[in-house]
**Student:** 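Take a look at this one; I'll ask things after.
In this text the structure is predicted, and so the values were computed from the model without any measurement.
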Amino acid sequence: MADDFIYCRNQSDFIDSILDTVKQHDSYLLDELLNVTRMYKIDDLDFNDNNEPNLDQQLSNDNDLLWKQLSRHHWAVCRYLHFNDIDKAFRHQSKKFSCLMAILNGYSSRMPTTLPDEDHEIDQINPTINDDEPAWLLPVFNRHAHELRLLALLGTDDLNNDDNETSDTMNSNSTIQTCNTQLSQKAMKVLQSFSPTSKIRKVGVFIIVNQMLKTYYALHKFNLCTYFISKAERPLKQYMQEENDQQEHRFSSYVLTYRYFLGKHLLLKHDYNSAIGHFDYVFTNCLDSNKSQSIKNKQQSLLYLVVLKLLHGSTPKMDILEKYQLNQLIDLIEPIRLGSLKLFTEKIHEYEQFLFDTGLFFLIENLKLITIRNLFRTYVYQIDQQQTTRIPLEPTLLVLLNFGFEQENFFTINELIDILNNMIQKGMIRGYISYKFRTLVVSRKDPFPKQFRFTSLLNRSQLHHDGDHATVPNFFPKRERTLSQCERVLQSPSYQGKIHEFCREKGYGYVQPKDNQSELIFVHVSDIDDDYVPTKGDIVTFKKMLMPPKNEKTMAVHIKLLRLADGVKHESWEEAVEHDLEHRRVSRSNSHTLPQESTNDSEHIVTHID
């Protein structure tokens, strides 16, 4: 490598170079000198020197001696990696990290133990130390935490793939446990000994949290991320406030990394609106340069941002996708625009592994609904000259939906009705289904809105709140249930109960079983097998099924009205929808507002599908 000359060729000279750099407070040179990833690959360093530091040696209280210990352990890490001994390399890296924590702890012990107030100024308490002096070590701190994480993951892979018996002191999870202890307990404790306003504490929290989030994402243990995200909530608010007040990006790279992983976390929780805000911030504020890492950062954030905005009726310009080489999205977006469900299904199958690796498979699956919406939209606009607002379900829409598919994969009329109900509920189509005439009746004015609200029932942040039933539980609609699930439900016993509440506009309600009146069971509109809209007090029969994917809660299906509640007017589905189609006030409280785009045309991400 071109810059390998900065590394001394033997351990003794290397230690001296570290001590000289520390005295100069040159953080970037020190960061490079302690770069394990680079240094262990250099062949002409004297790694045959067996002067190995003792892992059990007590850490010194002297700052210079601590730096010497750290340097010796660093040399040992590089030596063992050079000879491909991951286990011992990780042990020395852990000890090296402990040395750095002891150095930082020395800084905090020389600082005031109480926060400054009107009677006590920092420079009067200890004029020899500046509150932000340890901040010059932030790049080194980040480097140590980063390489501790990488070696912990390498150690786990190495032990899991080893067919031989593991050692007495190590197991497949011990490296991760050690990394977790070093970062989340020891390092966090050291940071908390600094003033809350000090830069070392504010930025250090992001460094620790970022490394732990990367660790758990690599291990697919997403449920463990919540704790660390909560640790960074207050520092993030503080940073964003400072950014708004001072318009200054002092440590934005650490914040950008955190917000990227926070966006992915919210994505898994189906909080799409909040996730869009974080990915948009990351994409806007990432450095736009020709460096490969900068391009990769932009590419990753744009990947999730585009898919999430597609779910809300917007699609990117192709030039922005071409610039960041998101070829898979380009191929997926084309059939969405055309409304070609067959081609879209083929592209999903082609890029299945890519979509699983990025965690976007199930989100992309949701885009099928938008593809079908565009297919119907094209047909309606083609026949608009005839001023047609009634489109037959079976002779027309069902044929369009099944075009290009093999007969065994054809959609049924019930599946078509489920799809249309879903699109109407999400605001993707303005209209209603006339069951009497078997037609889709669309509004004459803007039947396919440009901006619709993709309020997935999994997205709890966008649901209505009614008393004790603030959220709708996760469930699989009819279209997503397997044949075996449907058959098991049909063979299950029927129950009797009373409608506790039901809202047609929201599309769900609750039934109170006769044999357990303290229980309330969720009911979705697509599972009501009756010509009339249920009303509170109606006596019904129903069957039960567990709600996938967790199968922990129960939902009511195949609901049939047994006896209508006295003194309450009942309407058929067709009467209810036709009655208020033109007169109802459409609430926009849950509509999604797209974030403001960049004024730079070359970075203009989104344009409408229409």
**Student:** Would you indicate whether Phe83, at its atom CZ, is surrounded by more than 12 heavy atoms from other residues, nucleotides or ligands within a distance under 6.0 Å?
**Tutor:** yes
**Student:** Show the numbers, then the answer: is there a side chain to side chain contact (heavy atoms under 4.5 Å, CB included) between Ile320 and Leu326?
**Tutor:** CA-CA 9 Å; Ile320 194 79; Leu326 294 175; over 6 Å; no
**Student:** Are Tyr216 and Phe228, when compared by the centres of their aromatic rings, separated by less than 6.0 Å?
**Tutor:**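 Tyr216 vs Phe228: aromatic centres under 6.0 Å.
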**Student:** Can you confirm whether the side chains of Arg143 and His146 place a donor and an acceptor under 3.5 Å from each other?
**Tutor:** no
**Student:** So, for Ser301 and Lys298, which heavy atoms are closest and what is the spacing to 0.1 Å?
**Tutor:**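 It is OG-O, 3.1 Å.
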**Student:** Using the six-membered ring wherever Trp is involved, compare the ring planes of Tyr324 and Phe283 and label them parallel, tilted or perpendicular (cut-offs 30° and 60°).
**Tutor:**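 Answer is perpendicular, since the angle exceeds 60°.
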**Student:** For the CG atom on Asn327, are there more than 12 heavy atoms of other groups (residues, nucleotides or ligands in this structure) within a distance under 6.0 Å?
**Tutor:**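 Enclosed: over 12 neighbouring heavy atoms sit under 6.0 Å from CG of Asn327.
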**Student:** Give a yes or no on whether Lys186 atom NZ has more than 12 heavy-atom contacts from other residues, nucleotides or ligands under 6.0 Å away.
**Tutor:**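 It does not: Lys186 NZ has 12 such atoms or fewer within range.
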**Student:** Against Phe222, only a single residue in Tyr217, Tyr227, Phe261 fulfils ring-ring contact (aromatic ring centres under 6.0 Å, His included); can you say which?
**Tutor:** Tyr217
**Student:** As a test of understanding, state which of Asn105, Leu70, Leu66, Ile103 forms a side chain to side chain contact (heavy atoms under 4.5 Å, CB included) with Leu59.
**Tutor:** Leu66
**Student:** Can you give me the closest heavy-atom contact between Leu104 and Val190, atom names plus distance?
**Tutor:**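 Looking at all heavy atoms of both residues, the closest pair is CB-CG1, 3.8 Å.
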**Student:** Parallel, tilted or perpendicular: which fits the ring planes of His144 and Phe97, with parallel below 30° and perpendicular above 60°?
**Tutor:**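 Correct class here is tilted.
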**Student:** Nearest 0.5 Å, what's the CG-CZ distance between Asn210 and Arg259?
**Tutor:**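 Going from the CG atom of Asn210 to the CZ atom of Arg259 covers 12.5 Å.
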**Student:** Taking all heavy atoms of Leu45 and all of Cys8, pick out the closest pair and write down the distance.
**Tutor:** CD2-O, 3.5 Å
**Student:** Of all the heavy-atom pairs spanning Cys286 and Asn297, show the shortest one and how long it is.
**Tutor:** SG-CB, 3.7 Å
**Student:** Between Arg91 and Asp87, does any side-chain N to carboxylate O distance fall below 4.0 Å?
**Tutor:** yes
**Student:** Identify the two heavy atoms, one from Val140 and one from Ser27, that lie closest to each other, and give their separation to 0.1 Å.
**Tutor:** CG2-O, 4.1 Å
**Student:** Would Asp357 and Gln353 count as a side chain to side chain donor-acceptor pair (under 3.5 Å) if you check the C-alpha gap in whole Å, the side-chain angles of each, and the deciding distance to 0.1 Å?
**Tutor:** CA-CA 6 Å; Asp357 291 342; Gln353 190 59 50; 2.9 Å; yes
**Student:** Less than 3.5 Å apart, any donor N or O on the side chain of Tyr351 or Asp331 sitting next to an acceptor on the other?
**Tutor:** yes
**Student:** Does OH in Tyr28 sit with more than 12 non-hydrogen atoms of other residues, nucleotides or ligands closer than 6.0 Å?
**Tutor:**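 No, because the 6.0 Å sphere around OH of Tyr28 holds 12 heavy atoms or fewer from other groups.
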**Student:** Regarding Ser98 and Gln182, is there a side-chain donor-to-acceptor distance under 3.5 Å anywhere?
**Tutor:** yes
**Student:** For the side chain of Arg201 and the backbone of Phe194, is there at least one donor-acceptor N/O pair under 3.5 Å apart?
**Tutor:**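 It does hold such a pair.
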**Student:** Consider side-chain hydrogen bond (donor to acceptor under 3.5 Å, both in side chains). Of His92, Lys96, Lys95, which one does His74 pass it with?
**Tutor:** Lys96
**Student:** Do you see a donor-acceptor pair shorter than 3.5 Å between the side chains of Ser274 and Asp271?
**Tutor:** yes
**Student:** Indicate yes or no: does Arg72 engage Glu52 in a salt bridge with an N to O separation below 4.0 Å.
**Tutor:**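 Answer for the salt bridge query: no.
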**Student:** Please determine whether ring-ring contact (aromatic ring centres under 6.0 Å, His included) holds for the pair Phe14 and Tyr7, giving the CA-CA distance in whole Å, both sets of side-chain angles, and the decisive distance to 0.1 Å.
**Tutor:** CA-CA 7 Å; Phe14 175 76; Tyr7 300 103; 7.0 Å; no
**Student:** Do you know which two heavy atoms are closest between Pro139 and Asp31, and how far apart they sit?
**Tutor:**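 So the two residues come closest at O-OD1, 3.5 Å.
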**Student:** With a 3.5 Å cut-off and no angle check, do the side chains of His82 and Tyr80 form a donor-acceptor pair?
**Tutor:**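 On atom types as modelled, these side chains do not qualify, holding no pair under 3.5 Å.
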